[in-house]
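Structure first, then comments.
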Amino acid sequence: MKEIFLLILLSLSAGLRAEARERAHRLPSPDGRIVMTLIVGENMSYVMDVDGERVIEPTPVAMKLEDGRIWGGAAVPARIRRGRIDTTFCMPLHIANRVEDRCNFLRAEFREGFALEMRAYDDGAAFRFVSTDDAPLRILGEDTGARFPGDWLCRVPYVRDCDGEEIVPFGKQFKTSFENLYSVVRLSELDPSRLAFLPLTVETDRGVQLCFLESDLQAYPGAYLHNPDGGRALCGVFAPYPARTHDGGHDGLQSVVDVYSQHIAEAGPRASFPWRAVLVAREDRELLRNDMVVRLAEPSRIDDTSWIRPGLAAWEWWNDWGLCGVDFHAGINTATYEHYVDFAARNGIAYVVIDDGWSKDKTDLLQGACDALDLEHVVRYAAGRGVGIILWAGYRAFDRDMEEVCRRYSELGVRGFKVDFMDRDDQLIAEFLYRGAATAAAHRLLLDYHGVYKPAGLQRTWPNVVNFEGVHGLEQMKWSTEEVDQITYDVTMPFIRMAAGPVDYTPGAMDNAAAGHFVPRREEPMSQGTRCRQIAEYVVFFAPLAMLCDSPSKYDREQECTSFICSVPTVWDETVALDGRIGEYVVVARRSGDVWYVGGLTGHTGRSVTVDLGFLGEGDFRIETFVDGVNADKYGRDYRREVRMLGNERSLTVRMAPGGGFAARIEPAK
């Protein structure tokens, strides 16, 4: 009998030791439908359930430090704190003027000098490491990613191939412009030799979309994901900390890494690290309205944002300074920019962007403008007509003399800079983006970060950063063949890349090619798809600084379309995600004041959509529509405009041609 009792006692003791080794801390969303669970024991991991179904299996979470410590190794929390966030905050340049931030949170604090914070929202969940150590740190690596129950479908933007090599070392893949189309494959089919940058999606066998991204990326490298072994997992990879760089690439405007360090990041005492977030969408359209990235980001560091003016910008680089019917030779000269300013002033366009080539020496912005351009005169000329001037700058030229460049050109009256060719997302570049934003804000300058990775919360912290590239935008049509499928990209990107924030896509082409008619041209370039597609992109694609990419000469000939484009706001009071399927079609509505805009795009399949206008409420409304013409499937420029009273109708049915779109403006009847 004593032996049996001893056996029971030993079994209970072993069970208690196992429970002590591994504890599960559940964190449900406010509505209880999403649960993220932190598992701590010999190792730390997380799992995620949506509507009672496991969508992420136990996935390791750890940070490896240079001093030998491993955050997430065998550790027991010294303290667990739980609570709820329930607040709203203002976003002056966003898809809505206020953001609701409601979630349950958990903070597990460990004696080893760190904490893990988790948040569960009704539309996703996130976690991050926080240092509780008073000493600076070097991070050798971070375990993050996700393991999945099934061989699910992914939509991933791979880093581009380098120099035609079939297998490219990760060290070369860290230099990238973050512009690529999406590959649609099963997890097991992912190329183990290629990195994918964020955001990307994984679709469960029940059609739930999981969108992986990050936020509050302030002094840390961006995350890539890859599948190393053909299994059902995505593993995190990070660019190491650059040990030595030199100026080179694109006429010396980039910083090229010669040698990487062994560690990926350096952190100060009590640093907070980026959030690893998973957005959850039971219907694809829900990704069009998710703003978790700004919820997780640090609040604005600019108290008075009234000087930050969003708006449209006339732009000359895409159309190759393509003026005609003028009495001067178009190019980088004073007369050309006066013409662009006059065009902007006539159409209520806020800015003119003066792109590459304006400076006497593009590596030294302090030498001023080239001889053919009287920049001081153009800035004064523009200001007198209510138009601001934004100057293009290469990254290294801007960074090298940042304070003096910002001071001098701000005093000249320039309103901002379009900074290009960062083309990396290691810690040095992440720190540059914040340092650049702070310096520009001190001189009341806007920044448009081009040649850069996706937004990751910076747009909340420094709202003077009014746009980001990191998108396969319309500039690609200057040199890409029709095999480059921009049509499908345009109805995929809004669900994935745009979940991270605004896109410097630069729409507005007036030469529009139906299927089989597209030709890449550096001069007089065209778009794939219809005219109405280009118009609709001003509504569907979110960009606080939105370019008109084509020539004033063409816009003047197409005033009906130009007037509509120039009426579209670039920031919004409210956004409604109406309909859509990733890679097939997308329809959204956005409100500014009491005026609604509705935009829709379709892929290669033409389709009719019926839009529910119930968001309008009661009353009579006037509606202006731009829809694909009957022959738009052959002649991409074919469109039809209609203006009528809406009356009691609360639905709108439109037909989109293959590669087509539609746009509508709805306002209360006067």
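On a predicted model such as this, the values are computed, not experimentally measured, just so you know.
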Could you tell me whether [X] and [Y] have a side-chain N and a carboxylate O separated by less than 4.0 Å?
X: Lys418; Y: Asp420; answer: no
X: Arg650; Y: Asp612; answer: no
X: Arg641; Y: Glu624; answer: yes
X: Lys478; Y: Asp320; answer: no
X: Arg622; Y: Glu667; answer: yes
X: Arg285; Y: Asp579; answer: no
X: Arg533; Y: Asp628; answer: no
X: Arg155; Y: Glu203; answer: yes

Spacing of [X] atom [atom1] and [Y] atom [atom2] [to the nearest 0.5 Å]:
X: Ile429; Y: Arg424; atom1: CD1; atom2: CZ; value: 4.0 Å
X: Tyr337; Y: Ile354; atom1: OH; atom2: CD1; value: 5.5 Å
X: His604; Y: Ile487; atom1: NE2; atom2: CD1; value: 5.5 Å
X: Ile308; Y: Leu545; atom1: CD1; atom2: CG; value: 12.5 Å
X: Met510; Y: Leu548; atom1: CE; atom2: CG; value: 8.0 Å

Exercise for review: Output, in order, the C-alpha distance, side-chain angles, deciding distance and verdict of side-chain hydrogen bond (donor to acceptor under 3.5 Å, both in side chains) for Tyr597 and Ser567.
Suggested key: CA-CA 10 Å; Tyr597 288 80; Ser567 79; 3.1 Å; yes
Between [X] and [Y], which heavy-atom pair has the shortest distance, and what is it?
X: Ala514; Y: Ala632; answer: CB-O, 3.7 Å
X: Lys362; Y: Ala397; answer: O-CB, 3.2 Å
X: Pro502; Y: Pro544; answer: CB-CD, 3.5 Å
X: Asn464; Y: Ala437; answer: ND2-O, 3.1 Å
X: Ala345; Y: Val387; answer: N-CG2, 3.9 Å
X: Pro310; Y: Thr570; answer: CB-OG1, 3.5 Å

Keeping [X] on the side-chain end and [Y] on the backbone end, is there a donor-acceptor pair under 3.5 Å?
X: Asn180; Y: Pro157; result: no
X: Gln486; Y: His472; result: yes
X: Arg415; Y: Arg309; result: no
X: Ser551; Y: Gly322; result: yes
X: Tyr453; Y: Gly222; result: no
X: Asn333; Y: Ala372; result: no
X: Gln534; Y: Gly508; result: yes
X: Arg186; Y: Glu189; result: no
X: Glu574; Y: Ala96; result: no
X: Thr575; Y: Ile95; result: yes

Check your understanding: Parallel under 30°, tilted from 30 to 60°, perpendicular over 60°: which one fits the rings of Phe432 and Tyr395?
Key ->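 Rings of Phe432 and Tyr395: perpendicular, as their planes differ by over 60°.
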Point to revise | Ring geometry between Phe178 and Phe197 (parallel below 30°, tilted from 30 to 60°, perpendicular above 60°) | key: perpendicular
Review point. Should we count NE2 of His517 as having more than 12 external heavy atoms under 6.0 Å?
Key: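 Result for NE2/His517: enclosed.
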Review point. For the rings on Phe662 and Phe626, is their centre-to-centre separation under 6.0 Å?
Key: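 No, the ring centres sit 6.0 Å or more apart.
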Check your understanding: Is the Tyr182-Tyr158 ring centre distance short of 6.0 angstrom?
Key -> no
Point to revise | From Tyr449, Phe421, Tyr409, Phe417, residue fulfilling ring pair (Phe, Tyr, Trp, His ring centres under 6.0 Å) relative to Phe398 | key: Phe417
Would you check if there is a donor-acceptor pair between the side chains of [Y] and [X] at a distance under 3.5 Å?
X: Trp315; Y: Asp355; result: yes
X: Asn290; Y: Asp123; result: yes
X: Trp462; Y: Gln459; result: no
X: Thr610; Y: Thr653; result: yes
X: Glu558; Y: Thr562; result: no
X: Arg531; Y: Asn512; result: yes

Exercise for review: Determine, step by step, whether Glu482 and Gln528 satisfy the side-chain hydrogen bond (donor to acceptor under 3.5 Å, both in side chains) criterion, reporting the C-alpha distance in whole Å, the side-chain angles of both residues, the deciding distance to 0.1 Å, and the verdict.
Suggested key: CA-CA 8 Å; Glu482 193 157 309; Gln528 293 181 7; 5.6 Å; no
Point to revise | Any residue meeting side-chain contact (heavy atoms from CB on, under 4.5 Å) with Ala369, in chain and number order, not counting sequence neighbours | key: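 Scan of Ala369 (side-chain contact (heavy atoms from CB on, under 4.5 Å), adjacent residues dropped) gives Trp358, Leu373, Leu375.
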**Study point:** Val341 and its side-chain contact (heavy atoms from CB on, under 4.5 Å) partner, picked from Val352, Ile349, Val379
**Key:**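 One option only clears the test, and that one is Val352.
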Check your understanding: What's the verdict on side-chain hydrogen bond (donor to acceptor under 3.5 Å, both in side chains) for Tyr639 and Glu560, showing C-alpha distance, side-chain angles and the deciding distance?
Key -> CA-CA 11 Å; Tyr639 74 92; Glu560 192 170 65; 2.7 Å; yes
Exercise for review: Using the salt bridge (charged side-chain N to carboxylate O under 4.0 Å, His left out) rule, take Arg590 and Asp573 through it: C-alpha gap first, then chi angles, then the decisive distance, then the call.
Suggested key: CA-CA 8 Å; Arg590 304 191 194 272; Asp573 296 325; over 6 Å; no
Exercise for review: Taking the six-membered ring of Tyr381 (Phe, Tyr or Trp), confirm whether the NZ or CZ of Arg385 is under 6.0 Å from its centre and within 45° of its axis.
Suggested key: yes
**Study point:** Of Glu179, Glu469, Glu214, the residue whose pairing with Lys454 passes salt bridge (Lys or Arg N to Asp or Glu O under 4.0 Å)
**Key:** Glu214
Check your understanding: Could you walk me through whether Asp550 and Asn319 pass the side-chain hydrogen bond (donor to acceptor under 3.5 Å, both in side chains) check?
Key -> CA-CA 5 Å; Asp550 221 325; Asn319 59 75; 5.1 Å; no
Review point. So which pairs with a foot in residues 523-548 pass ring-ring contact (aromatic ring centres under 6.0 Å, His included), sequence neighbours left out?
Key: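 Every pair satisfying ring-ring contact (aromatic ring centres under 6.0 Å, His included) with a residue in residues 523-548: Tyr505-Phe541.
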Review point. Given the rule in the salt bridge (charged side-chain N to carboxylate O under 4.0 Å, His left out) test, do Asp556 and Arg346 qualify, once you have shown the distances and angles that lead to the verdict?
Key: CA-CA 10 Å; Asp556 286 343; Arg346 285 197 307 274; 3.1 Å; yes
Check your understanding: Among Asp490, Asp485, Thr492, which residue meets the side-chain hydrogen bond (donor to acceptor under 3.5 Å, both in side chains) test with Thr488?
Key ->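 Among Asp490, Asp485, Thr492, the one that satisfies the side-chain hydrogen bond (donor to acceptor under 3.5 Å, both in side chains) with Thr488 is Asp485.
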